[in-house]
Amino acid sequence: MADPLLQNPHLEGAPFLFEGGPDGVLLVHGFTATTAEVRPLAHHLHGLGYTVSGPLLPGHFDRPEAINRYRWQDWIAAVTDAYRDLSARCDRVVVGGESTGALLTLLLAARQPEIKAVLSFAPALTLYHAAQRRGEAPLLAPFVTAVRRLAASRANWRALAGLHGQSAKGVIELLRLQSVVRPLLPEIVSPS
């Protein structure tokens, strides 16, 4: 029986590698999502001849509490490992991500200046969450494992194969990641 917290467990959410030509594209999904949200673009790019990789961030495609066991450093480590694997296979690599995945690819680009380009879809540079605005998120995280979305109208397409709830400690890690990435943005330049 499917987990009732997974919105679309039938969609492919596992990591993937689609072998293609010498140019590679790394695609990273967002917070509480899975690779299902980047797979349509991955299939399109693969059809154009690119080698495309999509890592699954630690704690994702699981129950909301699973994200609480990981830190943003674990997420960037998974993305860095996938990048290293892809760059070993390809002559040139472009990295891209959606929301939190975009933040992670921006951080990767700051650390790996040889990356040829960054595709940043709706980067989560700020988080508009009522508890975060009031400074309550760090206080609530030790006691609340998951915050349910209040209304279906607030859910976005990122929930394709993601979770109904948002992991409270995971939100804290997202805030920490934002504070690391924002000052690095001027360091991300196009290679010559």
Side-chain angles (χ1 to χ4, degrees), residues 1-20 24-47 50-86 93-108 118-125 127 129 145-149 152-178 181:
M1 184 158 102
D3 187 328
L5 291 176
L6 292 177
Q7 290 193 348
N8 289 303
H10 60 284
L11 296 177
E12 292 181 76
F16 61 82
L17 175 65
F18 303 145
E19 294 278 356
V25 181
L26 177 70
L27 296 175
V28 184
H29 65 83
F31 186 67
T32 74
T34 70
T35 62
E37 81 175 357
V38 296
R39 262 177 208 274
L41 179 57
H43 285 298
H44 177 74
L45 292 170
H46 184 246
Y50 293 94
T51 296
V52 188
S53 174
L56 180 64
L57 298 178
H60 290 69
F61 206 43
D62 203 338
R63 300 185 67 80
E65 305 82 48
I67 292 175
N68 291 337
R69 294 191 302 264
Y70 296 94
R71 300 175 310 142
W72 69 266
Q73 292 93 336
D74 300 314
W75 302 336
I76 192 62
V79 171
T80 302
D81 288 347
Y83 168 73
R84 286 184 181 140
D85 179 64
L86 188 61
V93 176
V94 171
V95 297
E98 193 270 331
S99 188
T100 300
L103 278 183
L104 291 165
T105 57
L106 289 168
L107 178 56
L108 184 67
V118 178
L119 308 169
S120 185
F121 307 105
L125 289 168
L127 182 64
H129 189 281
T145 57
V147 178
R148 299 278 180 219
R149 291 194 175 119
S153 63
R154 288 187 150 180
N156 59 37
W157 81 278
R158 191 169 29 102
L160 265 176
L163 302 167
H164 284 287
Q166 293 184 359
S167 300
K169 289 180 184 175
V171 171
I172 300 301
E173 291 304 314
L174 173 55
L175 295 172
R176 290 177 178 149
L177 176 61
Q178 289 172 342
V181 172

(request) Please confirm whether the backbone N or O of Gly101 pairs with a side-chain atom of Ser99, one donor and one acceptor, at under 3.5 Å? (result) no
(request) Classify the ring geometry between His60 and Phe31 as parallel (under 30°), tilted (30 to 60°) or perpendicular (over 60°). (result) perpendicular
(message) Let me confirm one number: the CG-OG1 distance from Leu17 to Thr51, rounded to the nearest 0.5 Å.
(response) 7.0 Å
(request) Take His29 and Leu56, measure what side chain to side chain contact (heavy atoms under 4.5 Å, CB included) needs, and give me the verdict at the end. (result) CA-CA 7 Å; His29 65 83; Leu56 180 64; 3.6 Å; yes
(message) Any heavy-atom pair between the side chains of Leu177 and Thr100 that's under 4.5 Å?
(response) yes
(request) Report yes if some heavy atom in the side chain of Lys169 is under 4.5 Å from a heavy atom in the side chain of Tyr70; otherwise report no. (result) no
(message) Nearest 0.5 Å, please: how far is CG in Leu107 from CD in Gln178?
(response) 12.5 Å
(request) Work out which heavy atom in Trp75 is nearest to a heavy atom in Pro58; give both atom names and the distance. (result) NE1-O, 3.2 Å
(message) Would you say that Leu57 contacts Leu104 through its side chain, given a criterion of any heavy-atom pair below 4.5 Å between the two side chains?
(response) yes
(message) Checking the side chain of Glu37 only, and the main-chain atoms of Gly30 only, is there a donor and an acceptor separated by less than 3.5 Å?
(response) yes
(message) To the nearest 0.5 Å, what is the distance between CZ on Arg71 and CD1 on Ile76?
(response) 13.0 Å
(message) Could you measure the distance from the CG atom of Leu106 to the OG atom of Ser120? Nearest 0.5 Å is fine.
(response) 4.5 Å
(message) I want to check something: taking the side chain as every heavy atom from C-beta on, are Thr80 and Leu108 in contact at a cut-off of under 4.5 Å?
(response) yes
(message) So Leu27 and Leu45, do their side chains get closer than 4.5 Å, heavy atoms only?
(response) yes
(message) Could you measure the distance from the CZ atom of Phe121 to the OG1 atom of Thr105? Nearest 0.5 Å is fine.
(response) 9.0 Å
(message) Rounded to the nearest 0.5 Å, what separates atom OG in Ser53 from atom NE2 in His46?
(response) 12.0 Å
(request) Please lay out, stage by stage, how Val93 and Tyr83 fare under the test side chain to side chain contact (heavy atoms under 4.5 Å, CB included). (result) CA-CA 8 Å; Val93 176; Tyr83 168 73; 3.8 Å; yes
(message) Contact between Leu26 and Pro55 at the side-chain level, heavy atoms closer than 4.5 Å - yes or no?
(response) yes
(request) Indicate yes or no: at least one non-hydrogen side-chain atom of Val94 is less than 4.5 angstrom from one of Leu119. (result) yes
(request) Report the C-alpha separation of Val25 and Val95 in whole Å, then their side-chain angles, then the decisive distance to 0.1 Å, and conclude whether the side chain to side chain contact (heavy atoms under 4.5 Å, CB included) test is met. (result) CA-CA 6 Å; Val25 181; Val95 297; over 6 Å; no
(message) In the structure I gave you, are the side-chain heavy atoms of Arg39 and Phe16 within less than 4.5 Å of one another anywhere?
(response) yes
